[in-house]
**Student:** 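Quick one: this structure, given as C-alpha cells, is what I'll be asking you about.
Letters A, B, ... are given to chains in the order of the sequence lines, protein chains preceding strands, and every chain is numbered from 1.
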Amino acid sequence: MSWETVIGLEIHVQLATKTKIFSGSSTAFGAEPNTQACAIDLALPGILPVLNAEAVRMALMFGLAIDAEIPKRSVFERKNYFYPDLPKGYQTTQLAEPIVGAGHVDVDLADGSTKRIRIHHAHLEEDAGKSLHEDYAGQSGIDLNRAGTPLIEIVTEPDMRSAEEAVAFAKKLHGIVTTLGICDGEMAQGSMRFDVNISVRKKGAELGTRTETKNLNSFRFMEEAIKLEVERQIDVIEDGGRVIQETRLYNGDTKTARSMRSKEEANDYRYFPCPDLLPVVIEDSYIAELKATLPELPDAKQKRFVVQYGLSAYDASILSADRVMSAYFEEVVTASGDAKLAANWVIGDLSAALNRSSLELGQSPVSSVQLGDMIARIKDGTISGKIAKQVFELMWTEGGTADEIIEKQGLKQVSDSGAIEKIVDDIIAASPQQVENYRGATEDKRPKMLGFFVGQIMKASQGKANPQQVNEILLKKLEG
Amino acid sequence: MHNLTLAQTAQALADKQFSSREVTQHYLDRIARLDKNYNSFITVTADLALAEADAADARRANGKADFLTGVPFAHKDIFCTKGVRTSCGSRMLDNFISPYDATVVEKYRAAGMVMLGKTNMDEFAMGSSNETSFYGPVNNPWDTSCVPGGSSGGSATCVAARLVPGATATDTGGSIRQPAALCGITGLKPTYGRVSRWGMIAFASSLDQAGPMARTAEDVALMLGAMAGFDPKDSTCLDKEVPDYLADLNKDLRGLKIGVPREYFGEGLNEKTAAQVQNALREYEKLGATLVDISLPHSALAVPAYYVIAPAECSANLSRFDGVRYGYRCEKPQDLSDMYCRTRAEGFGEEVKRRILVGAYALSAGFYDAYYRKAQQVRRLIQQDFIDAFKQVDVIMGPTSPSPAFAFGAKGSDPVAMYLEDIYTIATNLAGLPGMSLPCGFVDNKPVGLQIIGNYFDEARMLNVAHRYQQVSDWHMQMPAGVAV
C-alpha cells in the first residue's frame, strides 16, 4: 500500500506597515543594527504598547481576501519565554481570539485541477529581534531592528498532500498578500517564512505523528525540505521505528535537516491576555469600508485573463499569481497589442532568462515596455519569432529598444517579394535533385520535404525573410 | 516653611513671600538633616532641584507661572526620570538611569514643579511595609520602630516628616492608601485609567495606578489635577476630561449617602482602629450625611483573587529584567542560562521572586483555569458588588487598614499575614475604582486612616467629602515628634 503525505503550514507574513506593531520605530529592512529600536522595542522599564491601526487593517484585508470569518473581537496575549532577542521576555501575540477566523484559498494545480486549502485562522503578533552568532567569537550580538515588526501568522488545516501542492499554495498565498499590498513578499529578507508540519500515513489510516520544519524562506527550500522529511519519515517507519514529534531545521546549503527540539522539551508558554492592550473590537462599518478597497485578487484576475485575453486557465493562473507578474504582463499586452504572444513571452523566454540569472521579475533588465514593443514588431511582421529571440537576448545583455537593436543589427525581416523570389529561385536552381524528389512525392509527404527548402532559404536570408512569404512563393514555384 | 501645606506653599510662591529656590533649599536642608532617621529617599537630586527651582523662579518672573510652579515635591522611585537613577527599590535597577520621562514626570515638569528626589519603596512595589526595598526599610515618623506601610512607604514618610509638601505614589493593592493611613497623611488612588501609566514601572498592569500623597485633600486635589488626563501612549488610559478638582471641595455634604460595608468591620479589624473609624462616620452624620448599611458579599475573595492576578501579571512584567540590555547582570556568566538564572537570583529580592514563582505557577498549563481564569471571574463578582452598592450610595467608607503601623519584622516571616494588611484596599484595585485614605484619629499615638471609596471617575466628590471632614478635624495637621526641628 502506498504512503500518503499530510502537510499543514504556518506562515509568518511581515506586514508592510511603515512602523512597528506597538511602537513608532521604522520597519525598513537592512538598517544598521539597533538603529530602529526605540524604548518600546528595547522593553525599557515602564514602556507600554499602543496598537498600530494599519497592522489591524492589513490583517483584516487578508481575512477578507480569503473569505474568512472576521470575529467581532480579538485579544492580544502574552506568550512567555526567555530569549535574548525577545526583549520583554514575552511575545505579544493572539491565541484564543485571533483577528481572522476560518477561511480558504483555492489553488490551481499543474494537472489543471483546483484544490481548496482551508485556513484555520490568522493572528496578529510581533516579530522578535535577531541574534547574530557569526560576527562575535564566543559571544552573540542582538539586533532589535526587527523586534516589533508586525506579523500575521496564518495557520492552515492539514489539507496538502504533496510538496508540489504545498508550494503551489505558498505561491498563491504570496500572490494574495503582495496583491493586497500588505507584504513586500521579499522572501530572502524573511518577509514570508514557512513552518511546515509533515506526517505520513498509509492511505485511509489515522494521521501519523508530525514533525515541524521551521523557518523556510524560499519555495525551493520548502519543496526540498518537505521531500526530504517525507522520505525520512517513511524510512523510519519502514525500518520499524516511530516518528517522534519534534521541531526540525532545514539547511538549504547542505540540503540536510536536523532535530532542534523534541516535544518533551517544549516550553509551557503560560499564555494570558495582555493587560496593557484592550480587546480589539471591529465595527461592521469598518469591514464594509475595507471591502470596498479590496484590489482585484489573483482568483478574479485569473478569470478575467481567461475571458479578456483568451488565455488558458493555467497560463492565466501563473500570470495572475502575484501583483508584480500580473502588472508586468498587462503592461506587455498594452505595449504589444497581442495578449497571447505577451503571455507566451512572459511565461516562456522571460521567465527562463530570469531563472538563469536568479533574478526576480522586479529586477528584470528587460522592462515590460521593451518586451511589449518587441512583440509589436513580431506582430507587424518587422521580425520573425525566431529573430525576436535574438533581439531579446541583445536587449537582455546590452539594453536598448527593439527598434534600435533591429536597426543596428540589420535584423529587419525581408518582406520584399522580389528579393524573396530571387532567393527562392537561387535555392531551387541549386537543388535540382531535391526539386525532382519533391515533385515526384505524394501529397502527404510533401509538407515534410518542404522544410529543406525553407531552411535553405532562411539560411540564405540570414533568417530575415518573412517566413509566410517564403512559404507562399516556394509553394507556387515548386508546384507551379 | 515646612508647616505650610502644598496649597499654601504654592500660594506663598504666588504672593512672592519666598522664592522657589528658598523653599527648595529649605526642604533639601531638612532632607539632609533628618532623612537619616527615616531613609525615605533613595536618591536626592539637590543640584537638579535647585536648577529647576531657579527655572521656576525665572518663569514666575516672566509671568508664565502655573499655580504649582516652583513647588517642591518628590517622585516615588517607580517613575522613570530622564537622566536620574530609577531603581524601583531593586538591586536589579540600581544602575539604571532612565533615558526618558514617565508621563506623570513630564506633566509635573511642564507645570514647573521641583523634584527633590526619588523616594524609597518596596522592591517593584511588592510589599506592605517597605521592608522589601533593596535600599533598606523606611522608618515610620510616628514611631521609628514601626513600618510606614508600603509599597509607597518612602513617599508617605517624607510627606509626614515634612521633608516635602507632597509626593507621587502608586497603588496596586493599597500601596498609596495603606502607607498614607499608617503615616497619618492623605493619599488618593484614582480610577484605573485616570492617570497615564507610561513610564511607571509595571508591577501588575491591570491594577497599577499612580496617585498623589500630601497632607490635605486640597493638596491631593491640586496634585491629581496636574497628573491626570489622557495619554495616547497608554492604551488603558481613558480619554475623559479632567475636572477642576478644587471646584467642589467645599460643597455641602447634606444628603450625602455613605455606604458602610459590614464586611469591613468584621473579624481581623483592630477594635481601637474600628472605634476611630466609627467616630469619623459620626462626624459625617453631623455634617449632614446619611450612613447606609451595605454589603459587599465577595469581599473575602478579594485577597486570594488579587494574589493570583497580581503575581501572574508581574511574572510576565518582570521577565524583561534578564541582564541582556540594562540593569543588573551577574558576574562572569558561564552561558546564557547561567546569566539568566544568576542575574535574576541575585538581582531580585525574596518577595519579588516569591511573586514571580506564584504567578508563573498560576499561569502554567493545567493550572490556568483553576487559578487565573477563576480569579478573573471572582474579579468580576467583586466589581459587580461595587456597581450594585453605588446604586444606593454616593461613597463607601471604612478602615484603610486593619490596624495601625506594626513593628519591623512583625509580619516578615508570614507572607499571608502581610497580604492581609491590604484586605480593605485590594478590592477597589480589582474593580478599578478610586479610593483614598485620610487621617481620622490615633491608636497608641499611631495614626489611623479612614478609607473613602468612590464610584468610577468620582474623584472630585471624594475630595469634597474628605476636605469637608478636614475642615472639622485636625488629625491631618498633627505632626510627629522629631519632625518639628
**Student:** What distance do A/Leu86 atom CG and B/Ser319 atom OG have between them, rounded to the nearest 0.5 Å?
**Tutor:** 9.0 Å
**Student:** If you measure from CZ on A/Phe272 to OG on B/Ser315, what distance do you get to the nearest 0.5 Å?
**Tutor:** 5.5 Å
**Student:** Heavy atoms only, distances under 4.5 angstrom: which of B/Ala362, B/Ala360, B/Cys88 has the most pairs with chain A? Name it, please.
**Tutor:** B/Ala360
**Student:** Decide if atom CZ of B/Arg344 counts as having more than 12 heavy atoms of other residues, nucleotides or ligands within a radius under 6.0 Å.
**Tutor:** yes
**Student:** Between atom CG of A/Leu44 and atom CZ of B/Arg320, what is the distance when rounded to the nearest 0.5 Å?
**Tutor:** 8.5 Å
**Student:** Let me know if B/Leu318 has heavy atoms under 4.5 Å from chain A in its side chain, its backbone, both or neither.
**Tutor:** neither
**Student:** Which pair of non-hydrogen atoms, one from A/Leu278 and one from B/Thr236, has the smallest distance, and what is that distance?
**Tutor:** CD2-CG2, 4.3 Å
**Student:** Closest heavy-atom contact between A/Pro273 and B/Tyr372?
**Tutor:** CD-CE2, 4.0 Å
**Student:** So which part of A/Asp276 gets closer than 4.5 Å to some heavy atom of chain B, the side chain, the backbone, both or neither?
**Tutor:** both
**Student:** Heavy-atom distance under 4.5 Å to chain B: side chain of A/Tyr271, backbone, both or neither?
**Tutor:** backbone
**Student:** Surrounding NZ of B/Lys233 (heavy atoms of other residues, nucleotides or ligands, distance under 6.0 Å), is the total greater than 12?
**Tutor:** yes
**Student:** Where does B/Asn317 contact chain A at under 4.5 Å (heavy atoms): side chain, backbone, both or neither?
**Tutor:** both
**Student:** Counting only heavy atoms closer than 4.5 Å, note whether B/Phe96 contacts chain A via side chain, backbone, both or neither.
**Tutor:** side chain
**Student:** With no hydrogens and no angle check, is any side-chain donor or acceptor of A/Asp268 less than 3.5 Å from a backbone partner on B/Ala365?
**Tutor:** yes
**Student:** Counting only heavy atoms closer than 4.5 Å, note whether B/Ile78 contacts chain A via side chain, backbone, both or neither.
**Tutor:** neither
**Student:** Compare every heavy atom of A/Pro49 with every heavy atom of B/Ser235, then report the nearest pair and how far apart it is.
**Tutor:** OG-O, 3.0 Å
**Student:** How far apart are the closest heavy atoms of A/Asn80 and B/Ala316, and which atoms are they?
**Tutor:** OD1-CB, 3.3 Å
**Student:** If you compare all heavy atoms of A/Arg78 against all heavy atoms of B/Glu313, which two are closest, and at what distance to 0.1 Å?
**Tutor:** NH1-O, 3.9 Å
**Student:** For B/Phe79, is it the side chain, the backbone, both or neither that has a heavy atom under 4.5 Å from a heavy atom of chain A?
**Tutor:** neither
**Student:** Using non-hydrogen atoms and a 4.5 Å limit, figure out which bit of B/Pro232 sits close to chain A: side chain, backbone, both or neither.
**Tutor:** backbone
**Student:** Taking the side chain as everything from C-beta on, heavy atoms only, tell me whether A/Pro45 gets closer than 4.5 Å to B/Thr86.
**Tutor:** no
**Student:** Does a sphere of radius 6.0 Å around NZ in B/Lys82 hold more than 12 heavy atoms from other residues, nucleotides or ligands, not counting ones at 6.0 Å or beyond?
**Tutor:** no
**Student:** Using 0.5 Å steps for rounding, measure from the CG atom of A/Leu144 to the CZ atom of B/Arg325.
**Tutor:** 7.0 Å
**Student:** With rounding to the nearest 0.5 Å, note down the distance linking SG in B/Cys80 to CD1 in A/Ile47.
**Tutor:** 10.0 Å
**Student:** Please look at B/Arg197 and chain A and tell me whether the side chain, the backbone, both or neither of the residue comes under 4.5 angstrom of a heavy atom of that chain.
**Tutor:** both
